[in-house]
Amino acid sequence: MSDNTGRVTGSPLVKRGLAEMLKGGVIMDVVNPEQARIAENAGATAVMALERVPSDIRRDGGVSRMSDPEMIQGIQAAVSIPVMAKARIGHFAEAQILQSLDVDYIDESEVLTPADEAHHIDKWAFTVPFVCGATNLGEALRRISEGACLIRSKGEAGTGNVVEAVRHLRSIMGDIRKIGQADSAELFDWAKQLQAPLPLVQEIADTGELPVPMFCAGGIATPADASLVMQLGAQAIFVGSGIFKSDEPEKMAAAIVESATHFRDPAILVKVSTGLGDAMKGLEIATLETKLAERGW
Amino acid sequence: MVTPTVGVLALQGAFAAHAAILDRLGVTTIEVRTEQQLASVDALVIPGGESTTMSMLLERSGLLEPLRARVAGGLAVFGTCAGLILLASEIRDGRHDQHALGALDMTVTRNAYGRQIDSFESDLDIVGFDTPFHAVFIRAPVVERVGESVEVLARVGERPVLCRQGAITVASFHPELSDDDRIHRRWLADAGL
């Protein structure tokens, strides 16, 4: 979109630009203005406004939808950092409403109940940028081809268990490294195997990285978890239940923020990990009735 | 002569994009997260990001006072977006506990262009450049006022967006996201590097 001043809004560079600004930081799930202020005070770079954190969604069951606009506006009024919100997979009407609310990023999220079992939102049609989850590189590239300008590895939200986040990150980063070694003929097969557009595969081969920033979500519950996923290649992290389901959310939030900055410095991690009280209890993946990460196509 | 080192403050934000441009220009670059790293640099880039987050992390990482002292001592600094906010002398619409380093005589208002939906890219005419610079503004701060010691190098409408005071350059946009290294090169030259 371009106005008569020559300004262009909603371009891929402008959309990706905000993700660039969030690197090295922590985006926190919050369900009300009070939690949003706690997150901002702790040093969050952005908040994700949603009705229930994933562990409560998991506990309560039922259909999980976009948040009440009033609740999102309350959070926008409470903090000065960017406010993101979630739309159901494929639910472009929810996304249109969120864009009208001037949210800073929309998360087309598997944490909510999918609205479409075949199609994701055409994200090119929006001025507001989108983040989408991915469990593997093919899924990430399909989301990018639909217009996502930030990818987060999915992990398994609401579990406080980092194992799935590690699995997804390793899968994505490992395939990026392998594509970097592939010859030009092999790239055609990579595109076929990944069910992803060839030009995006070729771009990875040329640059050695995903065409958009990649963050990590789903199961991060401690400063050490944050350090682990950052060392594995995540450029920033989303923390959902891990903060407000811990014993002392203020301390845990601040500690995870510091660990995202100093993720390679174990001496600082000792200091920030000390005296935090209990992290969220956490769940074994094998005991889950619903794997949220399996939603998305 | 020892090769000069340019630090990029890497507490949070677009530090890697700045480092990539400096690397391309053949400059020795390090990421700065600790007081020891700060002490080792000859010039510093403060990148875009969330200025509130960076301000808190400066304090918690023990960098705030050492940085204030180095800036007061004439350190060459290039601040973009959040970096501009941190280097200003007065911040409006910031948090009550947000730190202003006061490197330039300048009043800024955070996020004054609006939310992300109002972020934009635009060609800018910059003093001393033959051709326009393609600039990206992300939830950008607005420079409300500059002192007489501050040279305005570019404006959007009436508002200064690129300013210089000696070896300190600040931009309310993101030269690190454009494929154009002219502003970085000019700052390095101003810094004598």
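All chains are named by letter (A, B, ...) in the order of the sequence lines, taking the proteins before the strands, and each is independently numbered beginning at 1.
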Can you find a pair of side-chain heavy atoms, one from [X] and one from [Y], that are under 4.5 Å apart?
X: A:Met21; Y: B:Gln12; result: no
X: B:Val156; Y: A:Arg7; result: yes
X: A:His262; Y: B:Arg60; result: no
X: B:Arg115; Y: A:Val83; result: yes
X: B:Phe120; Y: A:Val8; result: no

>> On a heavy-atom basis, which atom in A:Ile81 and which in B:Thr52 lie closest, and how many Å separate them?
In response: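 Heavy atoms of A:Ile81 and B:Thr52 come nearest at CG2-OG1, 3.6 Å.
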>> How close do B:Leu57 and A:Val257 get, counting heavy atoms only, and between which atoms?
In response: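 Closest heavy-atom pair between B:Leu57 and A:Val257: CD2-CG1, 3.9 Å.
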> Counting heavy atoms not belonging to A:Phe92, are there more than 12 under 6.0 Å from its CZ?
Replying inline: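 Open.
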> Within a radius of less than 6.0 Å around CD of A:Glu34, do more than 12 heavy atoms belonging to other residues, nucleotides or ligands occur?
Replying inline: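 Atom CD in A:Glu34 is not packed in, count stays at 12 or less.
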> Got a donor-acceptor contact below 3.5 angstrom from the A:Thr9 side chain to the B:Asp118 backbone?
Replying inline: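 Between the backbone of B:Asp118 and the side chain of A:Thr9 there is no qualifying donor-acceptor contact (under 3.5 Å).
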>> The test is side chain to side chain donor-acceptor pair (under 3.5 Å); show your working for B:Arg33 and A:Thr261 and say whether it passes.
In response: CA-CA 8 Å; B:Arg33 295 184 176 82; A:Thr261 293; over 6 Å; no
>> A:Asp104 vs B:Arg139, test: salt bridge (Lys or Arg N to Asp or Glu O under 4.0 Å). Steps then yes/no.
In response: CA-CA 9 Å; A:Asp104 293 294; B:Arg139 285 173 48 101; 3.1 Å; yes
> Out of A:Ala260, A:Ala19, A:Gly25, A:Ala254, which one racks up the most heavy-atom pairs below 4.5 Å with chain B?
Replying inline: A:Ala254
